[in-house]
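Working notes for the structure below.
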Amino acid sequence: MGNLSTPKTVQKLQKALHAKAKAEAGYRFYALYDKISREDILAHAFAQCRSNKGAPGVDGQDFADIEAYGVERWLGELALALREESCALAGVERLNEIAGSGHESPDISGRSNGART
């Protein structure tokens with residue numbers, strides 16, 4: 001996992017999703033579990049987060065915990081949970097934008113940057 005360049009298979013998915021979103025502006029991607037559960041997607045995402053020294057997740061696990069458990073094992077279990085849609089994904093908090101259009105915007109960082117609705 002030392003190479004952080006985006007694998008061709010991940011690029012292909014990114015381009016396909018981008019093309020669909022551009023072609024149909026109103027299209028909503030409701031179920032991407034089958035896409036994000038792919039081994040290449042998860043391995044690349046893990047490598048990027050690891051290189052960025054990402055913070056522990058909502059479950060409190062950090063990279064040392066995952067590496068002690070076994071990265072491949074952990075990613076395999078995550079992929080299975082995603083395919084079965086049994087993953088408890090964190091909700092997206094909706095916040096009002098202080099500046100701008102005043103529309104609600106998602107804050108997935110967990111930081112508050114506006115008034116709660």
| query | Taking atom CG of Leu82 and atom CG of Leu42, what is their separation to the nearest 0.5 Å? | reply | 6.0 Å
| Shortest non-hydrogen contact between His44 and Ser5, atoms and distance | CE1-O, 3.7 Å
| said: Could you tell me if the side chain of Trp74 sits less than 4.5 Å from the side chain of Gln61, heavy atoms only? | reply: yes
| query | Using 30° and 60° as the class limits, which term best fits the ring planes of Phe46 and Phe63: parallel, tilted or perpendicular? | reply | perpendicular
| said: Looking at every heavy atom in both Thr6 and Gln14, which two are closest together, and how far apart are they? | reply: CG2-OE1, 3.8 Å
| query | Would Lys20 count as a cation-pi partner of Tyr27, with NZ or CZ less than 6.0 Å from the six-membered ring centre and within 45° of the ring normal? | reply | yes
| Any chance CD of Glu77 has more than 12 other-residue heavy atoms, nucleotides or ligands included, within less than 6.0 Å? | yes
| field | Validation row: Glu39, Leu75 side chains within 4.5 angstrom (heavy atoms) | value | no
| Who passes side-chain contact (heavy atoms from CB on, under 4.5 Å) against Lys12, sequence neighbours left out? | none
| request: Mind checking the CD-NZ spacing from Gln11 to Lys8? Nearest 0.5 Å is all I need. | output: 5.0 Å
| query | Among the clusters formed by ILVMFWY side chains lying less than 4.5 Å apart, do Val71 and Leu78 turn up in the same one? | reply | yes
| query | Mind checking whether Tyr33 and Phe29 sit in one hydrophobic cluster, side chains of I, L, V, M, F, W, Y counted as touching below 4.5 Å? | reply | no
| Stepwise, does the side-chain contact (heavy atoms from CB on, under 4.5 Å) test hold for Leu32 with Leu17? | CA-CA 10 Å; Leu32 293 174; Leu17 292 174; 4.2 Å; yes
| query | Do the side chains of Ile66 and Arg50 get nearer than 4.5 Å, heavy atoms only? | reply | no
| message | Distance check, rounded to the nearest 0.5 Å: Ser37 atom OG versus Glu84 atom CD? | response | 10.5 Å
| field | Under 3.5 Å donor-acceptor, Asn52 side chain and Cys49 backbone | value | no
| remark: Closest non-hydrogen contact found for Ile41 with Lys35 is CG1-O, 3.5 Å
| field | For Pro56 against Asp62, the heavy-atom pair lying closest together | value | CG-CB, 3.9 Å
